[in-house]
Amino acid sequence: MEYTTLGSTGTTVSKICLGCMSFGSGQDWMLDEEEGRELLEQAIDLGINFFDTANVYSAGESEAILGDVLADYDRDEFVVASKVRFPGANDHRNAEGLSRKTIEQELEASLDRLGLDTLDLYQIHRWDYDTPIETTMRALDDAVRRGQVRHLGASSMWAHQFLEARRVSEREGLAPFETMQNLYHLAYREEEREMFPVCRKYDVATMPWSPLGAGYLARPHEEFRTTTRADHEVENAGVPYHEFPASEAINERVGELADDRGVTMAQIALAWQFENDNTTAPIVGTSSVKHLEEAVEALEISLSDSDVEYLEEPYEPVPVYGHD
Ligand SMILES: NC(=O)c1ccc[n+]([C@@H]2O[C@H](COP(=O)([O-])OP(=O)(O)OC[C@H]3O[C@@H](n4cnc5c(N)ncnc54)[C@H](OP(=O)(O)O)[C@@H]3O)[C@@H](O)[C@H]2O)c1
């Protein structure tokens, strides 16, 4: 495993963050407690110390599965990130959003499920248009001061919103967002325009979600919708990567390079993330031990400048996806 520094937090994290969205129930591609444990134990054996979950993943089951496994280890070794904004296990009017009430209640519930006194990273899953950002930042800062959270982060939003939140923290002397979890992969690079320059300016670490485009970059484009997970993403989440004008060309180039190198497409798409100065640690989402091992092996693949140019060359701007 390779390790890196999570931006201004100074925390040491594995170059792979394991995404825990597939732990729980509700979809047939999800891992139950026993299967989740197997994957997590393998991840820990491979040196992964960085995990991303959320209150909303399987209504809290993901946090509970992660917490149960980490309880068998020295928890201080691990960097655990969770999120708030969408409803978790609770189902009432104040179970979602970023009001002080929601943040305080949902944080308590997340800590309880994870079996932790302190969360290493607490992220807002999206912007809340109904709560002033000052209120949200004060509630989050209080959680840091109470010792329930070490660092704050944000997920997909407009760069101007992220900057506004940073400015509020600066002006009011509050703990700032130090990480950005945004959508970024070879077939979706809109974040290069505004968000990554902002992150560089403030030494904000970046943790791209869906680094394989929810599987689109892991197999030939004609086969994208052959898994129930991909079908679900297209039908229910409206995943559009396969419809972007340059996506097929990019997918084919990933395939060509994979054949040349004798590695898998997923490994090329991940190697591009590892080589990329925009990315601190991609959040790899897999339900398979074999695919997890492939992700770790991809750390050893080095891409030349001309390989990177070849992979990036067909890209064309596309509509922003992943947030309002
Ligand atoms: N902040 C947000 O709004 C947000 C949104 C979405 C996700 N996330 C986070 O990001 C994480 C990753 O998201 P994601 O699951 O969409 O990521 P992804 O890595 O882009 O896609 C995962 C898909 O790729 C497949 N895959 C992975 N490795 C493969 C390999 N070596 N060969 C073939 N197929 C492979 C997986 O199938 P297998 O299961 O068969 O490996 C799965 O279907 C989530 O767990 C979550 O923590 C955050």
Side-chain angles (χ1 to χ4, degrees), residues 16-24 27-31 35-36 38-40 42-43 48 50-58 61-63 65-66 80-86 121-127 153-157 179-188 191 195 206-220 223-234 236-239 241-242 251 254-255 258 263-273 279 281-299 301 321-324:
I16 292 176
C17 176
L18 183 66
C20 299
M21 190 172 69
S22 46
F23 300 153
Q27 302 294 331
D28 64 2
W29 43 270
M30 289 187 165
L31 303 179
E35 295 162 327
E38 191 197 347
L39 191 78
L40 282 162
Q42 182 62 11
I48 291 174
F50 191 18
F51 301 96
D52 176 71
T53 181
N55 63 336
V56 70
Y57 295 163
S58 288
E61 282 180 60
S62 165
E63 289 178 327
I65 291 172
L66 177 63
V80 179
S82 193
K83 311 187 203 80
V84 60
R85 166 69 179 86
F86 301 115
L121 178 63
Y122 201 37
Q123 307 154 101
I124 65 165
H125 215 147
R126 288 293 181 280
W127 194 260
S155 181
S156 294
M157 59 178 57
T179 60
M180 167 45 63
Q181 177 171 155
N182 50 352
L183 173 63
Y184 186 51
H185 53 75
L186 264 167
Y188 183 85
E191 298 289 290
M195 187 57 89
T206 65
M207 307 149 59
W209 54 270
S210 287
L212 300 178
Y216 179 75
L217 296 165
R219 50 188 174 271
E223 295 168 25
F224 174 47
R225 289 188 67 172
T226 54
T227 69
T228 49
R229 161 89 202 270
D231 218 42
H232 172 85
E233 295 288 359
V234 173
N236 296 285
V239 154
Y241 320 130
H242 58 303
N251 177 290
V254 171
V263 298
T264 66
M265 288 179 65
Q267 288 177 313
I268 294 293
L270 287 176
W272 176 82
Q273 295 274 356
T279 299
I283 310 180
V284 170
T286 181
S287 55
S288 136
V289 167
K290 179 173 170 284
H291 291 166
L292 182 65
E293 287 167 350
E294 275 185 25
V296 176
E297 284 162 14
L299 284 162
I301 299 172
Y321 173 76
H323 64 88
D324 298 328

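Read the numbers this way: they start at 1 and go in the same order the structure lists the ligands and their atoms.
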Residue selection (non-hydrogen contact nearest atom 18 (P) of ligand 1) among P208, S210, G322
S210
Based purely on interatomic distance, does A214 place a nitrogen or oxygen under 3.5 Å from a nitrogen or oxygen of ligand 1?
yes
Closest heavy-atom approach to atom 46 (C) of ligand 1 among W29, F224, F23, Y57 is made by Y57
Just to verify, what does F224 make a ring-ring contact (aromatic ring centres under 6.0 Å, His included) with, not counting sequence neighbours?
Y216, H242
Which of these passes side chain to side chain donor-acceptor pair (under 3.5 Å) with Q267: E294, H291, E297?
E297
C20 heavy atoms, cut-off 4.0 Å: which ligand 1 atoms fall inside?
45 (O), 47 (O)
Interatomic distance, F51 atom CZ to L40 atom CG [nearest 0.5 angstrom]
6.0 Å
To the nearest 0.5 Å, tell me how far H185 NE2 sits from E191 CD.
10.5 Å
Numbered atoms and elements of ligand 1 in range of G215, under 4.0 angstrom, heavy atoms
21 (O), 23 (C), 24 (O)
Taking only heavy atoms of D52 into account, list the atoms of ligand 1 that are under 4.0 Å away from them.
9 (C), 46 (C), 47 (O)
Any idea which of H291, M265, M207 brings a heavy atom closest to atom 29 (C) of ligand 1?
H291
From A81, G19, S155 - option closest to atom 1 (N) of ligand 1 by heavy atom:
S155
In this structure, CD1 of I301 is separated from OG1 of T264 (nearest 0.5 Å) by 7.0 Å
Using a plain distance cutoff, I'd like to know if T264 has any nitrogen or oxygen under 3.5 Å from a nitrogen or oxygen of ligand 1.
no
If we number the atoms of ligand 1 from 1 as shown, the ones under 4.0 Å from a heavy atom of Q181 are 1 (N), 2 (C), 4 (C), 8 (N), 9 (C), 48 (C)
Point-to-point distance, once rounded to the nearest 0.5 Å, from OG of S288 to CD of E35
11.5 Å
Can you tell me if S155 uses its side chain to pair, donor with acceptor, with the backbone of Q181 under 3.5 Å?
yes
Counting neighbours of CG on N236 that are heavy atoms of other residues, nucleotides or ligands and sit closer than 6.0 Å, is the number greater than 12?
yes
Only heavy atoms of T286, strictly under 4.0 Å: list the atoms of ligand 1 that pass.
38 (P), 39 (O), 41 (O)
How about L183 and Y241: do any of their side-chain heavy atoms sit closer than 4.5 Å?
yes
Residues at least two apart in sequence or cross-chain that pass side chain to side chain donor-acceptor pair (under 3.5 Å) with E223, listed by chain then number, are none
Enumerated ligand 1 atoms positioned under 4.0 Å from heavy atoms of S287
38 (P), 39 (O), 40 (O), 41 (O)
Residue portion contacting ligand 1 (non-hydrogen atoms closer than 4.0 Å) for H125:
side chain
Under a 4.0 angstrom heavy-atom cut-off, which atoms of ligand 1 come close to A218?
33 (C), 34 (N), 35 (C)
Under 4.0 angstrom from ligand 1, any heavy atom of S156?
no
Tell me whether ligand 1 is touched by R126 - counting only heavy atoms on the residue side and a distance under 4.0 Å.
yes
